[in-house]
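Structure first, then comments.
Per chain, numbering begins at 1; letters A, B, ... match sequence-line order.
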Amino acid sequence: MVGGIRGADAGSNLRLCGWVHRRRDLGGLFFIDLRDRSGVLQVSVGPDWTEAESLALARGLGAEDVLEVEGEISFRPPEARNPEMATGEVEMKAVRMRLLNRAVTPAIPVFRSPEEELPSEDLRLRHRVLDLRRQEMQRNLRLRHELVLEVRNYLSGLGFVEVETPILTKPTPEGARDYLVPSRNHPGEFFALPQSPQLYKQLLMAAGMDRYFQIARCFRDEDLRADRQPEFTQIDLEASFIQPADLFGWMEGLMAALGRVAGVDVQAPFPRIPYAEIMESYGSDRPDLRYSLRIQDWTRVLEGLEFRVLQAAVAGGGRIRGLLLEGGGGLSRKDLEGLEGVAKKAGAPGLLWVKRAEEGGSGPLARFMEEVTYEALGLRPGDAALVAAGPDRVTSPALGAVRVPALRALGRGPERGAAWLWVTDFPIFEVEEGGRLAATHHPFVHPHAEDEGLLETDPLATRGQAYDLVYNGVEFGSGSVRNHRPEVQRTILRHLGLSHGEIDRKFGFLLEGLASGTPPHGGIALGMDRVVKEFVGAPSLRDVIAFPKTTAARALFEGAPILLSDEELRELHLRRLGPGDGSVDTEDGGIQGPGTP
RNA sequence: GGGGCUGUAGCUCAGUUUGGUUAGAGUGCCGGUCUGUCACACCGGAGGCCGCGGGUUCGAGUCCCGUCAGCCCCGCCA
């Protein structure tokens with residue numbers, strides 16, 4: 001490995017292989033920066049120590065040519081040492097070089113000068129092999145490997161067993177859209193790719209596996225974001241006869257182990273805060289607790305103000321809540337407009353504000369405020385308050401969305417480097433538009449011990465034994481204790497609008513499993529890609545996945561998906577409805593990118 | 001499904017606001033000089049469907065409409 005060569009290696013004769021990173025031609029003398037995954041080493045080529053044939057070869061070398069070099073590791077002349085380079089004290093004096101493979105001029109540079117921008121995402125994905133040769137990407141993928149290895153070792157040490165579950169599975173009626181796979185030998189029938197191994201891991205508990213885990217690939221055919229890929233990897237696990245607290249301890253240990261690998265600060269145990277309390281204080285189910293600012297309830301103080309907006313909100317059963325910003329007087333009108341925009345995007349009709357000055361104040365609320373009102377809110381001169389009024393389902397998301405941007409606008413950075421959090425006791429159901437019930441997490445969450453009686457009578461008030469792991473405002477994963485009794489599971493599916501027949505048809509295999517003596521069990525699934533992204537500090541999930549898809553769910557390198565010919569479709573008992581005429585150009589499956597218009 | 005940003009030389013970007021000679025720079029590439037460089041330096045050169053299609057205009061990289069691609073966001077993601 002070239003990157004590890006040091007002064008201690010001086011005098012040794014070695015044979016090294018790598019890529020031509022850069023080449024400097026000084027006329028009679030050449031310097032070649034030889035690169036492999038470990039780093040870069042300077043190879044010097046000169047007539048006094050290099051064979052003539054190799055000297056001639058050096059003249060014609062280009063970037064990314066693949067080279068084998070034999071020679072002696074030597075200290076460089078003192079004035080020619082490069083302290084910025086890990087290997088900068090030494091070089092290889094090439095005696096003999098062999099060209100292992102020629103590279104065409106690279107479409108995107110592997111070497112990049114300090115101030116130059118990265119090539120566009122489009123080209124990076126299209127020419128992925130070149131992009132992956134960059135040290136940053138090499139480092140990301142290697143660290144990912146080390147994290148996965150640590151997951152396996154850690155969980156195996158706890159007695160968890162990795163079991164593979166099917167990739168060809170049964171389409172599910174709930175949740176995300178499935179990627180479907182037509183069956184050739186069963187006309188008109190389809191498999192689905194798994195959205196997660198959820199049901200299989202529960203069945204493994206029924207099967208007595210006791211402690212299961214899997215580094216599992218999952219597939220969801222939904223529109224993408226910077227933190228969402230159509231196929232992604234979960235650290236999926238499940239255990240029998242456990243309480244949530246068991247799982248919290250294991251996961252905190254796992255995160256600490258991963259943190260040691262990645263150099264991330266992990267201080268366990270993590271705070272465990274019920275969903276209701278988190279929403280009340282931070283307005284989000286995944287708050288970034290590196291910032292401690294909390295939402296306050298100011299209903300009592302402000303409901304008496306002669307301000308119709310506030311009075312109407314309270315009369316309608318809502319509350320008046322807000323954020324107290326110390327030093328918030330420094331927010332410009334533009335800042336405040338920006339924050340109102342954030343609140344509106346989060347669904348609020350608007351955002352009220354008031355700044356207190358030495359005398360009086362300013363902002364939409366100022367003319368209703370008196371000294372005592374400022375005092376009651378805790379506002380001192382120079383402070384500001386951001387206020388929202390209405391039902392909690394509107395004000396919480398709005399204030400939650402504004403919380404961190406408001407602090408950032410005041411130039412405040414995070415108060416700590418890392419903030420871990422368990423959000424517990426999520427409600428089992430939430431209301432969809434139109435009043436239908438939907439599962440907050442998924443339909444297999446076991447009711448909270450104190451709420452089991454509510455499941456029939458007041459499903460919306462029923463808390464589940466469900467929890468999310470949050471790191472710096474990013475949801476790392478979520479889990480729950482599952483229903484192990486078929487009757488409870490049926491009740492929940494019924495609340496979700498499934499008929500008895502549908503339940504049997506779609507979830508019969510699960511209920512059958514549960515009925516056969518399934519132990520109480522629970523588990524969690526962590527987003528592996530997100531964990532790696534956060535731990536390596538990558539700006540996008542695409543930077544921790546070797547061959548990711550674009551925002552439009554295309555693979556640019558291979559050029560997938562592609563149209564199939566009518567003949568190929570016929571074998572699968574499929575017929576084309578959309579674009580394409582069946583005359584598919586099968587020659588164009590190429591490396592150059594999307595093969596079809 | 002909707003909104004926003006971007007698309008000019010192999011790559012990174014100016015030029016588009018206010019339409020007007022031959023569309024520029026850096027880097028890479030090709031040729032030359034150079035024996036201690038390390039973003040080597042210096043000299044010379046090639047390289048453009050200004051994403052694509054249509055329109056307005058005497059004239060479009062620049063204005064208008066459509067479309068494609070990449071990115072970001074809303075919906076969606078149990």
- Query: Between B:C74 atom C1' and A:K344 atom NZ, what is the distance in whole Å?
  - Reply: 16 Å
- Message: Rounded to whole Å, please give me the gap between NE2 in A:H127 and C1' in B:G28.
- Response: 14 Å
- Looking at A:R177, A:Q195, A:R228, which hits side chain to side chain donor-acceptor pair (under 3.5 Å) with A:E222? A:R177
- Rounded distance in Å between the C1' positions of B:A9 and B:G51: 15 Å
- Just say parallel, tilted or perpendicular for the rings of A:Y275 and A:F426, cut-offs at 30° and 60°. tilted
- With a 4.5 Å limit on heavy-atom distance, are the side chains of A:F31 and A:V43 in contact? no
- Query: Taking NZ, NE, NH1 and NH2 as the nitrogens, is one of them in A:E116 or A:R112 under 4.0 Å from a carboxylate oxygen of the other?
  - Reply: no
- Of residues 214-231 of chain A, the positions that come close to RNA chain B - non-hydrogen atoms, cut-off under 4.0 Å: A:R220, A:E222, A:D223, A:R225, A:A226, A:R228
- At their closest point, which heavy atom of A:A94 faces which heavy atom of A:T50, and how far apart are they? O-OG1, 2.6 Å
- Message: Give me the atom names and distance for the closest heavy-atom approach of A:T233 to A:D529.
- Response: N-OD2, 2.7 Å
- Item | Separation of atom CD in A:Q195 from atom C1' in B:C76, rounded to whole Å | 12 Å
- Task: Scan A:R554, A:R542, A:R126, A:R128 and name whichever one has a salt bridge (charged side-chain N to carboxylate O under 4.0 Å, His left out) with A:E121.
- Result: A:R542
- Step by step, work out the side chain to side chain donor-acceptor pair (under 3.5 Å) result for A:R482 and A:H442. CA-CA 10 Å; A:R482 329 293 185 187; A:H442 56 56; 3.2 Å; yes
- What is the nucleic acid contact for A:S113, judged by heavy atoms within less than 4.0 Å: base, sugar-phosphate only, or nothing? base
- How about A:N483 and A:P447: do any of their side-chain heavy atoms sit closer than 4.5 Å? yes
- Please work out if A:E475 contacts a base, only the sugar-phosphate, or nothing of the nucleic acid, heavy-atom cut-off 4.0 Å. nothing
- Rounded distance in Å - CZ (A:R124) to P (B:G70): 15 Å
- Query: If you measure from the P atom in B:G55 to the same atom in B:G1, how many Å do you get, rounded?
  - Reply: 28 Å
- In Watson-Crick or G-U wobble terms, both distances under 3.5 Å, what is the partner of B:G31? B:C43
- Gap between atoms CZ and P, on A:R128 and B:G70 respectively (whole Å): 14 Å
- Query: Which value, in whole Å, describes the distance between the C1' atoms of nucleotides B:U27 and B:A41?
  - Reply: 15 Å
- Message: Between the side chains of A:R81 and A:E91, is the shortest nitrogen-to-carboxylate-oxygen separation below 4.0 Å, so that they form an ion pair?
- Response: no
- Item | A:K93 NZ to B:G36 P, straight-line distance once rounded to whole Å | 12 Å
- Task: Figure out the CG/P separation between A:D122 and B:C72, and round it to whole Å.
- Result: 13 Å
- Message: Can you tell me whether the side chain of A:K345 and the base of B:G4 have a donor-acceptor pair closer than 3.5 Å?
- Response: no
- Relative to the 5' end of RNA chain B, which residue comes earlier, A:T440 or A:K549, by the nucleotide with the nearest heavy atom? A:K549
- Message: Mind checking if A:S196 touches a base, just sugar-phosphate, or nothing, with heavy atoms under 4.0 Å?
- Response: base
- Query: For atom C1', what is the distance between B:U6 and B:C13, given to the nearest Å?
  - Reply: 13 Å
- Query: Are the side chains of A:D236 and A:Y212 in touch, meaning some heavy atoms are under 4.5 Å apart?
  - Reply: yes
- Note on the structure: Per-nucleotide protein contact along nucleotides 6-16 of chain B, 5' to 3', at a 4.0 Å heavy-atom cut-off (B base, S sugar-phosphate only, - neither), is ----SBSS---
- In terms of side-chain geometry, is the basic nitrogen of A:R96 or A:E51 positioned less than 4.0 Å from the acidic oxygen of its partner? yes
- Query: Reckon A:T105 has a side-chain N or O less than 4.0 Å from the OP1 or OP2 of B:G28?
  - Reply: no
- Which residues within residues 80-89 of chain A lie with some heavy atom under 4.0 Å of an atom in RNA chain B? A:A80, A:R81, A:N82, A:M85
- Using heavy atoms and a sub-4.0 Å distance, could you list which residues of residues 34-66 of chain A are near RNA chain B? By number, please. A:Q42, A:P47, A:W49
- Task: In plain terms, say whether A:D9 and A:R6 are close enough for a salt bridge, that is, a side-chain N and a carboxylate O under 4.0 Å apart.
- Result: no
- Between B:C71, B:A69, B:C76, which one does the side chain of A:T551 approach most closely? B:C71
- Message: Ring of A:F111, cation from A:R22 - is the NZ or CZ under 6.0 Å from the centre and inside 45° of the axis?
- Response: yes
- For A:F30 and B:G36, what is the distance between atoms CZ and C1' respectively, to the nearest whole Å? 14 Å
- Message: Parallel, tilted or perpendicular, judged at 30° and 60°: which one describes the rings of A:H484 and A:H446?
- Response: parallel
- Message: Taking side chain to side chain donor-acceptor pair (under 3.5 Å) as the criterion, tell me which of A:Q138, A:Q135, A:E64 meets it with A:R35.
- Response: A:E64
- Given the C1' atoms of B:G48 and B:G61, what is the spacing between them in whole Å? 11 Å
- Item | Pairwise P distance for B:U17 and B:U62, with rounding to whole Å | 9 Å
Output a table of donor-acceptor pairs, distance under 3.5 Å, between side-chain atoms of residues 393-403 of chain A and any protein atom two or more places apart or on a different chain; print 'none' if there are none.
residue, atom, partner, partner atom, Å
A:T395, OG1, A:R321, NH1, 3.2
A:T395, OG1, A:P391, O, 3.4
A:S396, OG, A:R321, NH1, 2.8
A:S396, OG, A:D392, O, 3.3
A:R403, NH1, A:Y291, O, 2.8
A:R403, NH1, A:L293, O, 2.9
A:R403, NH2, A:D288, O, 2.9

- Query: If you look at every heavy atom in A:L204 and A:T165, which pair is closest and at what distance?
  - Reply: CD1-CG2, 4.3 Å
Between the protein and nucleotides 40-42 of chain B, which nitrogen or oxygen pairs come in under 3.5 angstrom?
residue, atom, partner, partner atom, Å
B:C40, OP1, A:R22, NE, 3.0
B:C40, OP1, A:R22, NH2, 2.5
B:C40, OP2, A:R22, NE, 2.9
B:C40, OP2, A:R24, NH1, 3.2
B:C40, N4, A:D25, O, 2.2

- Message: Using atom P in both nucleotides, what's the gap between B:A23 and B:C50 to the nearest angstrom?
- Response: 11 Å
- Task: Under a 3.5 Å limit for both distances, which nucleotide forms a Watson-Crick or G-U wobble pair with B:C5, could you say?
- Result: B:G70
- Please state the C1' separation for the pair B:A14 and B:C30 - nearest whole angstrom. 25 Å
